[in-house]
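First the structure, in the form of structure tokens, and then the observations on it.
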Amino acid sequence: MAAAGWSAWQPLRLTQDVPAATLAEQLDGGQAFRWRQDEAGVWAGIFGATVAAVRVGPAGLEGRVRGSWVAGFAALRAYLDAEGVQAGLADALPWRSDTVLAGAMQCYPGLRILRQPPRDALIGFLCSSNKRILQIREMVARLATELGEGLGEGQHALPEWAALAAASDATLQRCALGYRAAFLRGTAERLCARPRWEAEFAALSTPALLTELRALPGVGPKVAACVALFGFGRWESFPVDTWVVQALGGAYGLVGWPPDRLEAFGRIHFGAAAGLAQQFLFSAARAGQLAVAPPAMLPVRPRSRGRGRR
DNA sequence: GTCCAGGATTCAG
DNA sequence: CTGAATCATGGA
């Protein structure tokens, strides 16, 4: 065990800096589940095998990491999209013509999708079904403690698939997963038999990636979309959860639309960065800050379309 | 005690 | 094919 300490605080030098409230929403708003803020306002978290801390300094965001400084710092900057890949995507969203989206984007300016390791995202969202963010965080924390590789100082990575597949019922029960324990173990068994899964999945087109993810136990449309977005950087992926249903229903008048149709609406209306738009809407809705459109045009519940071919 | 949660799966009709 | 019941757990 390399019991390396913390590196010194360093400016993260984001091309576009992030207000404190946006940083909090980004780290602890339901994208990742492994960040906590201490009394001094410092965020501490783990992604992959990187133990990191982030704070808002006088001259912008600062970070420090534990262990290898060079690798850890580069990983942290990539995780936070320090190079600003998403800035152009955000600007290309249709906020100029969509006042609801524009309002949501003003709610958390500069909000970005975290670039999470695929396994982190998959484990997190396998735990997410029918659970609140606070409880997902607790499940994920226990999974790391019980089954994750030690990273020093009592910190743990999320478990490898092999560790998860081999875990006893009693161990999984201690993680308070409920019926999701079978999902995690089932997916772990599939993927530990497929060591190159990350590279193989990353090489797929987004529709093929979603199909492949949905073939895993416990992965339905919404979880697949989250893993594609947060774990594989597929910005066009548009997860439809209860909050997005509320947001699109209330602010866009799409009341009663089934999730798969809302997903199609999001993809078409928001375009190549639909997932980023989704995150703005999700966060604004959760904050109770989403503008509600006037009920001028009452929604028409769409009829299911016929088969693609006749 | 009741209700609900960043849903998925299974089962009826 | 669509819609409803069921799933395990904890917090409000």
Side-chain angles (χ1 to χ4, degrees), chain A residues 24-35 104 107-108 111 113-114 116 120-143 146 167 169-188 190 210-232 234 237-250 256-263 266 274-290 301-310:
Chain A
E25 178 63 22
Q26 213 167 269
L27 296 177
D28 199 29
Q31 293 192 49
F33 305 99
R34 302 212 65 195
W35 290 90
C107 190
Y108 291 108
L111 183 67
I113 303 296
L114 296 174
Q116 300 183 55
D120 287 20
L122 185 45
I123 290 177
F125 284 94
L126 274 171
C127 294
S128 71
S129 81
N130 219 15
K131 276 296 178 189
R132 301 182 194 210
I133 291 173
L134 190 65
Q135 296 176 322
I136 300 167
R137 219 169 51 163
E138 186 59 30
M139 290 187 270
V140 168
R142 293 189 192 183
L143 277 169
E146 292 283 344
D169 291 339
T171 302
L172 290 180
Q173 180 134 27
R174 256 177 276 135
C175 300
L177 302 165
Y179 62 85
R180 301 158 201 79
F183 294 166
L184 275 162
R185 184 181 283 153
T187 288
R190 296 264 195 99
L210 292 171
T211 301
E212 197 71 25
L213 286 167
R214 287 181 57 172
L216 297 169
V219 180
K222 191 270 178 183
V223 170
C226 284
V227 175
L229 177 61
F230 300 127
F232 288 92
R234 304 302 174 98
S237 178
F238 191 80
V240 177
D241 76 320
T242 54
W243 290 101
V244 173
V245 170
Q246 290 304 312
L248 294 183
W257 284 40
D260 62 327
R261 301 238 54 213
L262 290 177
E263 191 273 339
L276 186 53
Q278 174 272 162
Q279 199 59 34
F280 279 111
L281 294 172
F282 170 87
S283 297
R286 230 164 58 88
Q289 297 291 319
L290 195 67
R301 193 179 182 288
R303 288 187 47 78
S304 60
R305 296 173 301 186
R307 296 273 28 153
R309 307 173 195 287
R310 38 181 146 167

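Side chains included, hydrogens not; waters and symmetry mates left out as well; all remaining heavy atoms used. Residue numbers begin at 1 in each chain, while the letters A, B, ... track the order of the sequences. Owing to the predicted nature of the structure, the values given are computational and were not obtained by experimental measurement.
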**Report entry** Between P of dG11(C) and CD of Glu138(A), the distance in whole Å
**Finding:** 8 Å
Requested in this report: In whole angstrom, give me the gap between the P atoms of dA5(C) and dC3(B).
Outcome: 14 Å
Report task. For the pair Gln279(A) (side chain) and Gln31(A) (backbone), establish whether a donor and an acceptor sit closer than 3.5 Å, ignoring hydrogens and angles. Result -> no
Query raised in the report: What is the distance from atom CZ of Phe33(A) to atom CD1 of Ile136(A), rounded to the nearest 0.5 Å?
Result: 4.5 Å
Report task. Give one of base, sugar-phosphate or nothing for Arg180(A), where a contact means two heavy atoms less than 4.0 Å apart. Result -> base
Report task. For side-chain contact (heavy atoms from CB on, under 4.5 Å), just list the numbers for Glu146(A) and Cys175(A), CA-CA rounded to whole Å, side-chain angles, deciding distance to a tenth of an Å, and then say yes or no. Result -> CA-CA 8 Å; Glu146(A) 292 283 344; Cys175(A) 300; 3.9 Å; yes
Query - Ile136(A) CD1 to dG10(C) C1', straight-line distance once rounded to whole Å - result: 13 Å
Requested in this report: Could you measure between the two P atoms, the one in dA8(C) and the one in dC11(B), and give it in whole Å?
Outcome: 14 Å
Query raised in the report: Along DNA chain B, 5' to 3', what are the outermost nucleotides having an atom less than 4.0 Å from a heavy atom of chain A?
Result: dC4(B) to dT9(B)
Query raised in the report: Which ranges of DNA chain B pair up as stems, where a stem means three or more consecutive Watson-Crick or G-U pairs with both distances under 3.5 Å?
Result: B:2-5 with C:9-12, B:7-12 with C:2-7
Query - Nearest-angstrom distance, P atom, dA4(C) to dC4(B) - result: 16 Å
Query raised in the report: How would you label the contact of Leu172(A) with the nucleic acid (heavy atoms, under 4.0 Å): base, sugar-phosphate, or nothing?
Result: nothing
Query raised in the report: What about the rings of Phe282(A) and Tyr108(A), do their centers lie closer together than 6.0 Å?
Result: no
Report task. Using a 4.0 Å heavy-atom cut-off across all strands, classify Val240(A) as base, sugar-phosphate, or nothing. Result -> nothing
Query raised in the report: Between the main-chain N or O of Leu177(A) and the side-chain N or O of Arg180(A), is there a donor-acceptor pair closer than 3.5 Å?
Result: yes
Query - Pairwise 5' ranking along DNA chain C for Leu134(A) and Ser129(A), keeping only the more 5' one - result: Ser129(A)
Query raised in the report: Whole Å only: how far is the CE atom of Met139(A) from the P atom of dT9(C)?
Result: 11 Å
Query - Span that lies between the P atom of dG11(C) and that of dA8(B), in whole angstrom - result: 23 Å
